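Below: the structure, in structure tokens.
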Amino acid sequence: MTSNIAESLNVVRKYARELPIVEPLEYMRILLERWMKERLLKAKGTFTYLGFKFNKELDDNRTLSHKLRVRASIDYIHTVLDGVRRYIICLENKRCSCGQFQLDELPCPHALAALRHMDESFEQYCSPY
């Protein structure tokens, strides 16, 4: 039984197998070094606050938030109306009555609607982790 990484490396180093022991090891070192450099350059070229998965989730939430209406109570507490449903958002404590904001530690659609209403950015409301 082998892992996917071992299988991938075996396929890539096929031609180096017939060389003396030092050459395949050097080949593997250079190959891994190149892969790490490519990934590092890709990571440095990413200018988003969050990773791809969480940016996608925030984009989905942002799309859903555009159809919501917001009523501000005080600075950090808002009522968000979604048709006949009402959600209470406390931005100070990062909580929403839907439970998604505190569970995911990312602004839910209701929180994003409240943030848009306040003309505030979402970054400080995301988990640092």
Side-chain angles (χ1 to χ4, degrees):
M1 303 263 316
T2 60
S3 68
N4 286 340
I5 292 173
E7 290 173 19
S8 297
L9 290 173
N10 281 334
V11 168
V12 171
R13 69 179 188 96
K14 196 185 297 185
Y15 95 92
R17 281 190 208 146
E18 291 142 17
L19 299 172
I21 188 69
V22 175
E23 281 82 6
L25 291 175
E26 181 65 11
Y27 177 81
M28 292 301 294
R29 184 190 67 76
I30 291 169
L31 177 68
L32 291 172
E33 190 176 276
R34 189 182 79 225
W35 285 356
M36 290 301 122
K37 182 180 178 187
E38 288 170 0
R39 281 160 183 73
L40 177 65
L41 290 174
K42 184 177 180 182
K44 283 184 177 181
T46 305
F47 298 106
T48 58
Y49 181 74
L50 301 168
F52 177 77
K53 174 184 174 187
F54 299 108
N55 267 338
K56 169 97 172 80
E57 189 171 329
L58 271 175
D59 286 341
D60 294 345
N61 287 350
R62 197 174 295 120
T63 301
L64 293 171
S65 75
H66 287 291
K67 65 177 183 157
L68 305 175
R69 292 182 313 164
V70 179
R71 291 188 188 153
S73 300
I74 57 174
D75 287 340
Y76 286 101
I77 297 180
H78 301 272
T79 302
V80 177
L81 304 171
D82 182 9
V84 294
R85 293 187 177 169
R86 248 175 245 266
Y87 298 94
I88 307 299
I89 311 296
C90 180
L91 294 174
E92 187 174 38
N93 297 330
K94 299 179 184 175
R95 301 184 74 73
C96 177
S97 59
C98 75
Q100 186 181 347
F101 194 3
Q102 51 272 28
L103 180 66
D104 295 341
E105 296 186 27
L106 286 172
C108 61
H110 317 111
L112 287 170
L115 288 168
R116 189 176 61 253
H117 180 75
M118 290 179 57
D119 198 29
E120 242 185 271
S121 130
F122 67 87
E123 282 91 358
Q124 71 184 40
Y125 296 95
C126 297
S127 171
Y129 305 106

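For reference, positions follow the sequence shown, starting with 1. All figures in this text were calculated on a predicted structure; none of them were measured in a lab.
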Taken in chain and number order and not counting sequence neighbours, the residues that satisfy salt bridge (charged side-chain N to carboxylate O under 4.0 Å, His left out) with Arg29 are Glu26, Glu33

Taking all non-hydrogen atoms of both residues, which atom of Arg95 and which atom of Gln102 are closest, and how far apart?
CA-OE1, 3.3 Å

Give the minimum heavy-atom separation between Phe101 and Tyr125, together with the two atoms involved.
CE1-O, 3.6 Å

Give a yes or no on whether Leu64 and Met118 share a hydrophobic cluster (residues Ile, Leu, Val, Met, Phe, Trp, Tyr; joining criterion: side-chain heavy atoms under 4.5 Å apart).
no

State the [atom1]-[atom2] distance between [X] and [Y], to the nearest 0.5 angstrom.
X     : Y     : atom1 : atom2 : value
Tyr76 : His78 : OH    : NE2   : 9.0 Å
Arg34 : Arg39 : CZ    : CZ    : 9.5 Å
Ile77 : Arg71 : CD1   : CZ    : 16.0 Å

For [X], all residues meeting side chain to side chain donor-acceptor pair (under 3.5 Å), sequence neighbours excluded:
X      : result
Glu57  : none
Asp59  : Arg62
Arg116 : Ser65

Which atom pairs, one a donor and one an acceptor, fall under 3.5 Å between side chains of residues 106-113 and the rest of the protein, sequence neighbours left out?
none

Which pairs of donor and acceptor atoms, one on a side chain in residues 81-91, lie under 3.5 Å apart (sequence neighbours left out)?
none

